[in-house]
Enquirer: 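Pasting in a structure now, in structure tokens, and then I'll have a few things to ask.
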Amino acid sequence: GTSDFLKDMTKIMDVFNMNASVGVVGLKEMTDEIYRGIEKHAKVVPADEIVEEIARVKTPKEIEVVKKAASIADIGFRAFLNNARIGIREYELAGEMECAMRQAGADDIFILLSSGRHNYEMHEPTDRRVERGDVLIGEITPVCKGQFFQLCRTIVLGQPNQVLREKYEMLLRALKETLKEVKAGAPACVISKVMNRVISEAGYQKYCYPPYMRARGHGFGAGSIAPGGAIDDNTQTVLLKDQVVVIHPNQWLPEVGYLACGETYLIADSGTERFSRTETKLYAKEEEE
């Protein structure tokens, strides 16, 4: 800890003769005061790509932490399912999920959660009360010792109609077909291309691009997103062995609204390794007053 971050940091720079150039990660988040303070001592060089490249491949120790984060995400989903009920507010439901994951060891948590008969997106929880027949969608992302894990799931409060079942089955099929093509050495764009092909063949080509969906996936590097901002048809970055990647055909469809489906995988030589124990399916919960 320090009461004067800039003063103490520049002292360290002087001790180690860091007066030529210094690599800095996170310039976009850096305050002007800190940036100019560093600049007085050395030339500032963006180093985000260097750190992201190092962080893409997980060490055995980091993979064990990711597995721990996966178990925490499973606990978060159980809290999501168990506490979903008529009358609860979205932020109260998110609070139950966060409490459960904090108790399980999460250091930080990011939750998107939406409810309604026809959702348009996943967003930060609001004060809306859950109603009978709602579709609840959640993106559950706990962080453990710097490692992220993400789980995307959909819950119906009541019995889903046939149309909703069919559309969710389409997303499950898109996920299954995508996983057949994902392995070390494949370009990351294969995730987007295969998903878009399956969904397009079902008659939804128009909806395979923003604003009807946000991303088909992304990696977890030094922060919450790598490689790049998201994986799309043009992402040529090659997937690497022991890289951790989120794969999710999250999608808005005109008949049923936005649905959440997918999770985080470890890239292996011949495919992927699944971390989560939560079944990938459309969940239905009988309505309760």
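Predicted model, so just to flag it, every value in this text is computed and none were measured.
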Enquirer: Looking at every non-hydrogen atom in both residues, tell me the closest pair between A230 and T235 and how far apart they are.
Expert: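 In terms of heavy atoms, the two residues are closest at O-OG1, 3.5 Å.
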
Enquirer: Same hydrophobic cluster for F275 and V65, using side-chain heavy-atom links shorter than 4.5 Å among ILVMFWY?
Expert: no

Enquirer: Got more than 12 heavy atoms from elsewhere within 6.0 Å of OH, Y209?
Expert: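 Yes - once you tally the heavy atoms of other residues, nucleotides and ligands closer than 6.0 Å, there are more than 12.
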
Enquirer: Using the rule that two of Ile, Leu, Val, Met, Phe, Trp, Tyr join whenever any of their side-chain heavy atoms come within less than 4.5 Å, decide whether M101 and I155 are in one cluster.
Expert: yes

Enquirer: Okay, side chain of R153, backbone of T278: is any donor-acceptor separation there less than 3.5 Å?
Expert: yes

Enquirer: If you measure from CG on L136 to CE on M122, what distance do you get to the nearest 0.5 Å?
Expert: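 The distance works out to 12.5 Å.
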
Enquirer: Within the supplied structure, the quantity of interest is the number of heavy atoms (other residues, nucleotides, ligands) at a distance under 6.0 Å from Q205 CD; does it exceed 12?
Expert: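 No.
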
Enquirer: For residues R78 and L81, determine if any side-chain heavy atom of one lies less than 4.5 Å from a side-chain heavy atom of the other.
Expert: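 Heavy-atom side-chain distance check fails, nothing below 4.5 Å.
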
Enquirer: Could you check whether any side-chain N or O of K285 sits under 3.5 Å from a backbone N or O of R85, counting only pairs where one atom can act as donor and the other as acceptor?
Expert: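 Here the side-chain-to-backbone pair does not exist.
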
Enquirer: Apply ring-ring contact (aromatic ring centres under 6.0 Å, His included) to Y283 and list each qualifying residue two or more places apart in sequence or on a separate chain.
Expert: F77

Enquirer: Answer whether the closest heavy-atom distance between the side chains of E263 and L151 falls below 4.5 Å.
Expert: yes

Enquirer: Does the pair E181/R197 count as a salt bridge with the N-to-O cut at 4.0 Å?
Expert: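 A salt bridge is absent here (no side-chain N lies under 4.0 Å from a carboxylate O).
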
Enquirer: Looking at every heavy atom in both M213 and N250, which two are closest together, and how far apart are they?
Expert: CB-O, 3.6 Å

Enquirer: Please assess L175 against C261 for the test side-chain contact (heavy atoms from CB on, under 4.5 Å), listing each intermediate value before the final yes or no.
Expert: CA-CA 8 Å; L175 179 61; C261 173; 4.3 Å; yes

Enquirer: Just how far is it from atom OG1 of T272 to atom CG of L239, taken to the nearest 0.5 Å?
Expert: 10.5 Å

Enquirer: With side chains defined as the heavy atoms from C-beta onward, is the minimum distance between P254 and Y207 less than 4.5 Å?
Expert: yes

Enquirer: What's the verdict on side-chain contact (heavy atoms from CB on, under 4.5 Å) for V244 and E62, showing C-alpha distance, side-chain angles and the deciding distance?
Expert: CA-CA 10 Å; V244 173; E62 288 173 326; over 6 Å; no

Enquirer: Between K180 and E177, does any side-chain N to carboxylate O distance fall below 4.0 Å?
Expert: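 Judged by the 4.0 Å cut-off on N to carboxylate O distance, K180 and E177 do form a salt bridge.
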
Enquirer: Output, in order, the C-alpha distance, side-chain angles, deciding distance and verdict of side-chain contact (heavy atoms from CB on, under 4.5 Å) for H248 and Q150.
Expert: CA-CA 10 Å; H248 51 41; Q150 189 170 102; 3.4 Å; yes

Enquirer: Indicate, with yes or no, if I34 and L27 share a hydrophobic cluster defined by side-chain heavy-atom contacts under 4.5 Å among Ile, Leu, Val, Met, Phe, Trp and Tyr.
Expert: yes

Enquirer: Does any non-hydrogen side-chain atom of E255 lie less than 4.5 Å from one of E166?
Expert: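 They are not in side-chain contact.
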
Enquirer: For the residue pair Q159 and R165, establish whether any side-chain heavy-atom pair is separated by less than 4.5 Å.
Expert: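 Heavy-atom side-chain distance check passes, below 4.5 Å.
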
Enquirer: Please name the pair of heavy atoms, one in S192 and one in I231, separated by the smallest distance, quoted to 0.1 Å.
Expert: CB-O, 4.3 Å

Enquirer: Out of curiosity, M97 CE to I111 CD1, how far, rounded to the nearest 0.5 Å?
Expert: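 These two atoms lie 4.5 Å from each other.
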
Enquirer: Any heavy-atom pair between the side chains of L157 and V130 that's under 4.5 Å?
Expert: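 Yes. Closest side-chain heavy atoms under 4.5 Å.
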
Enquirer: Say whether V256 and M170 are linked into one hydrophobic cluster, either directly or through other cluster members, by side-chain heavy-atom distances under 4.5 angstrom.
Expert: yes

Enquirer: Could you check whether the rings of Y120 and W252 sit parallel, tilted or perpendicular, using 30° and 60° as the cut-offs?
Expert: parallel

Enquirer: Distance check, rounded to the nearest 0.5 Å: L172 atom CG versus K167 atom NZ?
Expert: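 L172 atom CG to K167 atom NZ measures 13.5 Å (nearest 0.5 Å).
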
Enquirer: List the atom of A260, the atom of G138, and the distance in Å for their closest heavy-atom pair.
Expert: CB-O, 4.1 Å

Enquirer: Can any side-chain N or O of D48 pair as donor or acceptor with the backbone N or O of G26 at less than 3.5 Å?
Expert: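 At least one qualifying donor-acceptor pair exists.
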
Enquirer: Might you point out which heavy atoms bring M13 and A42 nearest each other, and give the distance in Å?
Expert: CE-CB, 4.0 Å

Enquirer: Tell me, which pairs form a side chain to side chain donor-acceptor pair (under 3.5 Å) where one or both residues lie in residues 99-109, sequence neighbours left out?
Expert: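 For residues 99-109, and leaving out neighbouring residues, the side chain to side chain donor-acceptor pair (under 3.5 Å) pairs sorted by first residue read E98-R102.
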
Enquirer: Got a second to check how far E96's CD is from N83's CG, nearest 0.5 Å?
Expert: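 Reported to 0.5 Å precision, the distance equals 4.0 Å.
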
Enquirer: Looking only at side-chain N and O atoms, does S114 offer a donor or acceptor that is under 3.5 Å from a partner on N119?
Expert: no

Enquirer: Looking only at non-hydrogen atoms, find the nearest pair between L282 and Y168 and report the distance.
Expert: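 So the two residues come closest at N-CE2, 3.4 Å.
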
Enquirer: Among T178, D233, D232, whose side chain to side chain donor-acceptor pair (under 3.5 Å) with N196 holds?
Expert: D233

Enquirer: Do I267 and L240 have side-chain heavy atoms sitting under 4.5 Å apart?
Expert: no

Enquirer: With a 4.5 Å cut-off on side-chain heavy-atom distances among I, L, V, M, F, W and Y, is there a chain of contacts connecting I109 to Y91?
Expert: no

Enquirer: Counting only heavy atoms not in R128, do more than 12 fall under 6.0 Å of its CZ?
Expert: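 Above 12, so yes.
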
Enquirer: Indicate whether any N or O donor in one side chain lies under 3.5 Å from an N or O acceptor in the other, for T264 and R274.
Expert: no

Enquirer: Is the count of non-hydrogen atoms from other residues, nucleotides or ligands lying under 6.0 Å from E49 atom CD greater than 12?
Expert: no

Enquirer: I'd like to know whether Y204 forms a side-chain contact (heavy atoms from CB on, under 4.5 Å) with L253, so could you lay out the CA-CA distance, the side-chain angles of the two residues, the decisive distance to 0.1 Å, and finally the verdict.
Expert: CA-CA 8 Å; Y204 296 99; L253 297 167; 3.7 Å; yes

Enquirer: Which value, rounded to the nearest 0.5 Å, describes the distance between K176 atom NZ and E169 atom CD?
Expert: 10.0 Å

Enquirer: Of the options E131, R129, R89, E90, which is the one that meets S115 in a side chain to side chain donor-acceptor pair (under 3.5 Å)?
Expert: E90

Enquirer: Are any of the side-chain heavy atoms of M195 and I247 separated by less than 4.5 Å?
Expert: yes

